[in-house]
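Just so it is clear, the model here is predicted, and its values are computed rather than measured. Sequence lines set the chain letters: A, B, ... in the order given, protein chains first and strands last, and positions in each chain run from 1.
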There are 2 protein chains.
Amino acid sequence: MIFNKTTEYALTILGFMATRNENVYSAEYLHQQLNIPRRYLRRLLTDLASHGFLKSSSGRNGGFIFAQALKEINLAMVINKLEGSDAVNNCILGFSCCVVDKPCIMHESWMEARSKMVETLTNTTLADLKEKYQMDLRKILN
Amino acid sequence: MIFNKTTEYALTILGFMATRNENVYSAEYLHQQLNIPRRYLRRLLTDLASHGFLKSSSGRNGGFIFAQALKEINLAMVINKLEGSDAVNNCILGFSCCVVDKPCIMHESWMEARSKMVETLTNTTLADLKEKYQMDLRKILN
DNA sequence: CTTAAATACTATAAAAAGGTAGTAATATAT
DNA sequence: ATATATTACTACCTTTTTATAGTATTTAAG
């Protein structure tokens, strides 16, 4: 499982938008480029706007743009907003009773695994993805 | 999200069984100890048996025991069996087209994060959990 | 001012995951 | 043999997640 489909979609959208250079992205355009179900994607875009990642403009020539600088948005932020609170921070066993001073059996192994993952996700911003994308492009051209 | 509830339950059950010293564990007993819904837990135990982690014996005094040595069962195995195929090995974006020679934008960041996690989960066996549990017990007693 | 291209809102449908119920089958103790 | 404690199987119900539909609203072009 790892992440919900909705979260995957959100990362896909933001990742795509971050690496291209359009002025504005309409839902229809993103749908065609990314193959995410049309109506579901629209709602998700609205959500991403209400979460503060995107800004929407209605009407003709409207669409979505980033509401923040790319370097301000990291992958962990997106995941946390979409999975609700701290999906990534929970005990692997979902034990509400599993806390630092009374950990469950798997606590230690899982914390180690998880914290590495969270660290990477937190350290990766959309700006990093853009940079990587452009570097890859240059490699292909040379 | 990270893992399904079913996967959490499975890890809880196996972790519990690994750290205690009963001869056999009935569904009813596990239900009382672990607070997993009675009927759902039963089905899950049957599944764990058919996946080869447990062996069941019917009838009076029946129940479940491990079908393999504790050191042969690691957390990644359990997760993979329950989440179906390779949940943990998928692209973060769920792109079927994302493969090593044509990776998606987030491939690299995600692979790094994920592989750390998979490594820990693969290296942690039920025998390790048992050992850790007994060490913790000794600490409390001293 | 009308039309067209867009987002916004709300309700509903479909699919998947989680959970329950009934009954059959099995095996042990007495 | 019978009663009891157990798992096994199958069908169904509930909740959550994913997806669709209809209609209203916004805005720019012509």
Side-chain angles (χ1 to χ4, degrees), chain A residues 1-13 17 22-67 79 81-85 87 90 93-94, chain B residues 1-13 17 22-67 79 81-85 87 90 93-94:
Chain A
M1 169 77 22
I2 303 289
F3 299 118
N4 286 333
K5 209 154 198 184
T6 304
T7 305
E8 286 182 9
Y9 287 160
L11 291 171
T12 305
I13 293 165
M17 287 176 64
E22 304 293 332
N23 292 322
V24 68
Y25 297 81
S26 74
E28 190 54 29
Y29 174 70
L30 291 170
H31 163 67
Q32 282 159 10
Q33 296 293 315
L34 302 173
N35 266 310
I36 298 170
R38 190 182 268 110
R39 301 313 277 291
Y40 198 63
L41 174 135
R42 284 212 193 159
R43 280 211 329 206
L44 182 48
L45 285 168
T46 306
D47 288 351
L48 288 173
S50 66
H51 283 128
F53 298 120
L54 301 179
K55 259 191 308 205
S56 72
S57 54
S58 283
R60 199 163 187 161
N61 298 344
F64 297 85
I65 56 171
F66 281 104
I79 292 164
K81 279 284 185 190
L82 282 154
E83 304 261 324
S85 69
N90 281 338
L93 300 183
Chain B
M1 168 78 23
I2 302 292
F3 298 119
N4 286 335
K5 209 150 199 184
T6 304
T7 305
E8 287 182 7
Y9 286 160
L11 291 171
T12 305
I13 294 165
M17 286 176 63
E22 304 293 333
N23 292 322
V24 68
Y25 297 81
S26 73
E28 190 55 28
Y29 174 70
L30 291 170
H31 163 66
Q32 282 159 10
Q33 297 294 313
L34 301 173
N35 266 309
I36 298 169
R38 188 181 271 110
R39 301 312 276 293
Y40 198 62
L41 174 134
R42 284 211 192 158
R43 278 209 331 202
L44 182 47
L45 284 167
T46 306
D47 289 351
L48 289 173
S50 67
H51 283 128
F53 298 120
L54 301 178
K55 258 190 307 205
S56 71
S57 54
S58 282
R60 199 165 187 159
N61 298 343
F64 296 85
I65 56 171
F66 282 104
I79 292 164
K81 280 285 185 189
L82 282 154
E83 304 260 325
S85 69
N90 280 338
L93 299 184

Answer yes or no: side-chain N or O of Arg39(B) and base N or O of dG18(C) forming a donor-acceptor pair under 3.5 Å.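 There is none.
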
Return the minimal non-hydrogen interatomic distance between Asn23(B) and Ile65(B), and the atom names on each side. O-CG2, 2.9 Å

Please give me the minimum heavy-atom distance between Thr7(B) and Glu83(B), naming the atom from each residue.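 Answer, listing the atom of Thr7(B) first, then Glu83(B): OG1-OE2, 2.5 Å.
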
For [X] and [N], give me the distance from atom [atom1] to atom [atom2], rounded to whole Å.
X       : N       : atom1 : atom2 : answer
Phe3(B) : dA16(C) : CZ    : P     : 21 Å
Glu8(B) : dA17(C) : CD    : P     : 15 Å
Asn4(B) : dT15(D) : CG    : P     : 19 Å
Lys5(A) : dA14(C) : NZ    : C1'   : 13 Å

For Tyr40(A), check side-chain hydrogen bond (donor to acceptor under 3.5 Å, both in side chains) against everything at least two apart and list the hits.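 Tyr40(A) satisfies side-chain hydrogen bond (donor to acceptor under 3.5 Å, both in side chains) with Thr6(A) once adjacent residues are dropped.
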
Please list, by residue number, the residues of residues 49-56 of chain B whose heavy atoms come closer than 4.0 Å to an atom of DNA chain D; answer none if no residue qualifies.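 Ser56(B) - these, ordered by number, are the residues of the stretch whose heavy atoms sit under 4.0 Å from the strand.
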
Taking only side-chain N and O atoms of Tyr9(B), does any of them lie within less than 4.0 angstrom of OP1 or OP2 on dG18(C)? no

What parts of residues 41-48 of chain B reach DNA chain C, counting only heavy atoms under 4.0 Å away?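 Result for residues 41-48 of chain B: Arg43(B), sorted by number.
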
Starting at the 5' end of nucleotides 25-30 of chain C, put B wherever the base has a protein heavy atom under 4.0 Å, S where only the sugar-phosphate does, and a dash everywhere else. -BBBS-

Using atom types as modelled, flag every donor-acceptor pair under 3.5 Å from a side chain in residues 42-54 of chain B to any protein atom, sequence neighbours excluded.
residue	atom	partner	partner atom	Å
Thr46(B)	OG1	Arg42(B)	O	3.1
Ser50(B)	OG	Asp47(B)	O	2.9
His51(B)	ND1	Asp47(B)	O	3.1

Not counting sequence neighbours, list each pair that qualifies as a salt bridge (charged side-chain N to carboxylate O under 4.0 Å, His left out) and has a residue in residues 28-37 of chain B. Glu28(B)-Arg38(B)

